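Everything numeric in this text was worked out from a predicted model, so none of it was measured.
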Amino acid sequence: MHAQEMYRRLAGLVVFRQLLQDPVVAACGEMLSARVRGDCGDFSAACAGFEAALFQSSDSWSRYLREAVLESENVCIRGQAVGRTPVLQESLRRELAFFDQLSQLRLEDLTAGLPEPPEFLVGWEVSPTEIALEYLRRMEEVGVKGYGIFARYHVFTVEEGQLVPVKHPDPQRLEELPGYEREREKVIANTRALLEGKPANNVLLYGDAGTGKSSAIKAIANAFADQGLRLVEVKKNQLYQIPDLMDALAANPLKFILFIDDLSFTANDDNFAALKAILEGSVGGRAGNIAVYATSNRRHLIKETLTDREGDDIHESDTRQELMSLSARFGLTITFGSPDRERYLHIVEELAKQYGVELDPRQLAVRSEAFAVRSGGRSARVAKQFIELCKAGVFN
């Protein structure tokens with residue numbers, strides 16, 4: 001395929017038109033355009049621009065284009081659940097076949113016949129691809145692999161109402177969290193139900209600080225990421241932004257956990273009503289692919305003082321009942337209590353094995369207990385801090 005035809009095909013993308021905003025693909029288009037115009041100076045500059053953009057991510061054009069296409073969000077993959085029209089199917093087929101050809105483009109192909117080729121450029125690598133075949137397979141697995149940013153990342157935060165991927169999420173694993181297996185198993189079972197399309201509850205994990213509530217949710221998100229689970233961490237002051245976001249996620253074939261960490265409210269908190277709306281769903285009902293997982297140190301989520309109870313609210317009892325009822329909107333509530341001595345020592349021993357800390361069991365027990373006293377009490381966090389200090393050589 002000649003440069004002119006490649007440029008026409010690239011500029012004429014319909015299904016994958018969003019790819020033209022990709023900096024490397026856009027640079028490829030500028031390079032092809034310069035080659036068609038035949039100006040050696042412009043072409044050399046465009047080639048250098050393309051290589052500079054490509055080499056930021058990869059030295060292989062074939063691999064880069066393959067990943068860009070496979071992760072592309074477009075009308076065909078969004079409509080996979082409801083089927084595609086014959087027109088869209090044919091457009092998709094033609095554009096995928098073109099990408100397989102474009103992925104084999106080499107610098108030598110473009111410089112052939114030029115009176116002054118840019119011999120100072122080294123070119124880029126290409127390799128055989130099956131973009132068309134892989135993309136069609138990806139479409140069949142869209143409920144697990146996802147598309148767009150959901151294909152590359154599995155943890156997100158929210159900024160100005162938009163999802164932002166976390167490029168380096170906490171790598172916490174379930175097997176690294178000893179001591180609370182029974183409590184986590186209920187959350188895991190609920191998560192499996194969500195992934196299988198069964199009714200799943202919103203979950204509230206409450207209990208003492210340092211017992212591993214947040215770590216459990218992050219570890220579950222990591223464990224089930226390859227089965228189509230995505231985690232969206234939401235701050236309390238962002239709750240009012242979430243309904244619109246949930247409407248967008250409801251149409252996505254993946255499953256989502258909205259994670260609210262360290263949740264609590266004051267009696268007059270404006271975010272209270274926002275969370276109620278999220279938990280109860282919109283007028284169209286709650287989305288079946290979204291569940292809210294929250295952690296809190298308070299069973300009823302409300303910071304309440306004696307002054308609140310002695311206020312001038314005529315219907316004070318009704319108001320208090322409304323505040324207290326928020327936690328009841330979580331279908332599953334799990335308590336993470338401070339560990340007793342037996343559980344604490346079990347956590348210490350298991351963490352010692354993970355970190356390769358070798359101490360006499362009796363010395364380990366005595367020193368870890370003493371450390372807990374100095375740290376204000378037993379907890380999984382305190383146990384981990386003790387073992388990390390042992391590993392660092394602070395306690396020998």
**Study point:** In one Ile/Leu/Val/Met/Phe/Trp/Tyr side-chain cluster, 4.5 Å: Val144, Ile188
**Key:** no

Check your understanding: Under a 4.5 Å cut-off applied to non-hydrogen side-chain atoms, are Phe50 and Glu30 in contact?
Key -> no

Practice item. List the steps, then state whether salt bridge (charged side-chain N to carboxylate O under 4.0 Å, His left out) holds for Glu233 with Lys218. Key: CA-CA 10 Å; Glu233 185 168 6; Lys218 294 174 184 177; 5.5 Å; no

Revision key, fill the gap. Here the gap from Gln89 atom CD to Arg93 atom CZ, rounded to the nearest 0.5 Å, amounts to 11.0 Å

Practice item. Run the numbers on Tyr206 and Thr333 for side chain to side chain contact (heavy atoms under 4.5 Å, CB included), then give the verdict. Key: CA-CA 7 Å; Tyr206 89 96; Thr333 301; 3.8 Å; yes

Exercise for review: Could you check whether the rings of Trp61 and Tyr64 sit parallel, tilted or perpendicular, using 30° and 60° as the cut-offs?
Suggested key: parallel

**Study point:** Side-chain heavy-atom pair Gln354, Pro178 within 4.5 angstrom cut-off
**Key:** yes

Review point. Is it true that a side-chain atom of Arg9 and a backbone atom of Glu5 form a donor plus acceptor pair closer than 3.5 Å?
Key: no

Check your understanding: What is the minimum heavy-atom distance between Met31 and Ala46, and which atoms define it?
Key -> CA-CB, 3.6 Å

Review point. Is there a side chain to side chain contact (heavy atoms under 4.5 Å, CB included) between Leu107 and Cys47 once you walk through the steps?
Key: CA-CA 8 Å; Leu107 181 61; Cys47 281; 3.8 Å; yes

Check your understanding: Under 3.5 Å, side chain of Asp247 to main-chain N/O of Asp244, donor-acceptor pair present?
Key -> no

Check your understanding: Should we say atom CD of Glu108 is surrounded by more than 12 heavy atoms from elsewhere, each under 6.0 Å from it?
Key -> yes

Point to revise | Whether over 12 other heavy atoms sit under 6.0 Å from Arg94 CZ | key: no

Check your understanding: Are any of the side-chain nitrogens in Lys391 or Glu388 under 4.0 Å away from the carboxylate oxygens of its partner?
Key -> no

Point to revise | Residues Phe259, Ser214; criterion side chain to side chain contact (heavy atoms under 4.5 Å, CB included); working and verdict | key: CA-CA 9 Å; Phe259 172 39; Ser214 301; 4.0 Å; yes

Revision key, fill the gap. Scanning both residues in full, the closest heavy-atom pair of Ala383 with Val348 reads CB-CG2, 3.7 Å

Review point. When you measure from the side chain of Asn289 to the backbone N and O of Leu249, does any donor-acceptor pair fall under 3.5 Å?
Key: yes

Review point. Any donor and acceptor pair, going by atom type alone, linking the side chain of Lys213 with main-chain N or O of Asp261 inside 3.5 Å?
Key: no

Review point. Within a radius of less than 6.0 Å around CD of Glu116, do more than 12 heavy atoms belonging to other residues, nucleotides or ligands occur?
Key: no

Practice item. Give a yes or no answer on whether the side chain of Asn74 reaches the backbone of Val15 with a donor-acceptor pair at less than 3.5 Å. Key: no

Exercise for review: Validate the cation-pi geometry between Arg343 and Tyr180: distance from NZ or CZ to the six-membered ring centre under 6.0 Å, angle to the ring axis within 45°.
Suggested key: yes

Practice item. Report the C-alpha separation of Arg137 and Glu134 in whole Å, then their side-chain angles, then the decisive distance to 0.1 Å, and conclude whether the salt bridge (charged side-chain N to carboxylate O under 4.0 Å, His left out) test is met. Key: CA-CA 5 Å; Arg137 187 183 301 126; Glu134 289 188 65; 5.3 Å; no

Practice item. Flag yes if Tyr240 and Val234 sit in one hydrophobic cluster, no otherwise; membership is Ile, Leu, Val, Met, Phe, Trp, Tyr, and two members link when side-chain heavy atoms are under 4.5 Å apart. Key: no

Review point. Do any N or O atoms from the side chain of Ser103 and from the backbone of Asp100 form a donor-acceptor pair under 3.5 angstrom?
Key: yes

Point to revise | Nearest heavy atoms of Leu194 and Lys255, plus distance in Å | key: O-CE, 3.2 Å

Review point. Quick check: does any side chain N or O of Tyr293 sit under 3.5 Å from a backbone N or O of Leu231, one acting as donor and the other as acceptor?
Key: no

Exercise for review: Step by step, work out the salt bridge (charged side-chain N to carboxylate O under 4.0 Å, His left out) result for Arg37 and Asp39.
Suggested key: CA-CA 6 Å; Arg37 294 194 304 271; Asp39 186 295; over 6 Å; no

Exercise for review: Dump the intermediate steps for side chain to side chain contact (heavy atoms under 4.5 Å, CB included) on Leu345 and Ser368, then the final yes or no.
Suggested key: CA-CA 8 Å; Leu345 293 180; Ser368 63; 3.5 Å; yes

Exercise for review: Is it possible for you to say whether Val232 and Leu204 belong to one hydrophobic cluster, with membership spreading through side-chain heavy-atom contacts below 4.5 Å?
Suggested key: yes

Point to revise | Side-chain (Ser58) to main-chain (Ser60) donor-acceptor, under 3.5 angstrom | key: yes

Revision key, fill the gap. Interatomic distance, CG@Leu205 vs OG@Ser296, rounded to 0.5 Å, equals 10.0 Å

Revision key, fill the gap. Note: Ser62 and Ser127 closest approach over all heavy atoms is OG-N, 2.9 Å

Review point. Taking C-beta and beyond as the side chain, do Asp208 and Thr211 meet within less than 4.5 Å on heavy atoms?
Key: yes

Review point. Given the rule that I, L, V, M, F, W and Y join up when any side-chain heavy atoms are under 4.5 Å apart, are Val75 and Val87 in one cluster?
Key: no

Exercise for review: Please tell me if the side chains of Leu105 and Met6 come closer than 4.5 Å, counting only heavy atoms from C-beta onward.
Suggested key: yes

Check your understanding: Which pair of heavy atoms, one from Tyr135 and one from Val69, lies closest together, and at what distance?
Key -> CE1-O, 3.1 Å

Practice item. For residues Leu263 and Thr295, determine if any side-chain heavy atom of one lies less than 4.5 Å from a side-chain heavy atom of the other. Key: no

Practice item. Evaluate the side-chain proximity of Ser33 to Val36: yes if any heavy-atom separation is below 4.5 Å, no if none is. Key: no

Point to revise | Spacing of CG belonging to Leu359 relative to CD belonging to Glu349, to within rounding of 0.5 Å | key: 11.5 Å

Check your understanding: Going through the checks in order, is the salt bridge (charged side-chain N to carboxylate O under 4.0 Å, His left out) test met by Lys353 and Glu350?
Key -> CA-CA 5 Å; Lys353 294 177 185 176; Glu350 291 300 314; 3.5 Å; yes

**Study point:** Short side-chain to backbone donor-acceptor contact, Glu95 and Phe16, under 3.5 Å
**Key:** yes

Point to revise | Pair Glu71-Tyr147, side-chain donor/acceptor within less than 3.5 Å | key: no

Practice item. Check whether any side-chain heavy atom of Arg152 sits under 4.5 Å from a side-chain heavy atom of Pro165, and report yes or no. Key: no

Point to revise | Nearest atoms (heavy-atom pairs only) where Cys28 meets Leu10 | key: C-CD2, 4.4 Å

Check your understanding: With a cut-off of 6.0 Å (strictly less than), are more than 12 heavy atoms of other residues, nucleotides or ligands near CZ of Arg182?
Key -> no

Exercise for review: Start with the C-alpha gap between Ser338 and Ser379, add the side-chain angles, then the distance that decides, and say whether side chain to side chain donor-acceptor pair (under 3.5 Å) holds.
Suggested key: CA-CA 6 Å; Ser338 291; Ser379 74; over 6 Å; no

Practice item. Measure from the side-chain N and O atoms of Arg138 to the backbone N and O of Leu70, and report whether any donor-acceptor pair falls under 3.5 Å. Key: yes

**Study point:** pair Val203-Phe330: side-chain heavy atoms closer than 4.5 Å
**Key:** no

Review point. For His154 and Asn222, does a side-chain donor sit closer than 3.5 Å to a side-chain acceptor?
Key: yes

Check your understanding: In Å, rounded to the nearest 0.5 Å, how long is the span from CZ of Arg184 to CZ of Phe336?
Key -> 7.0 Å

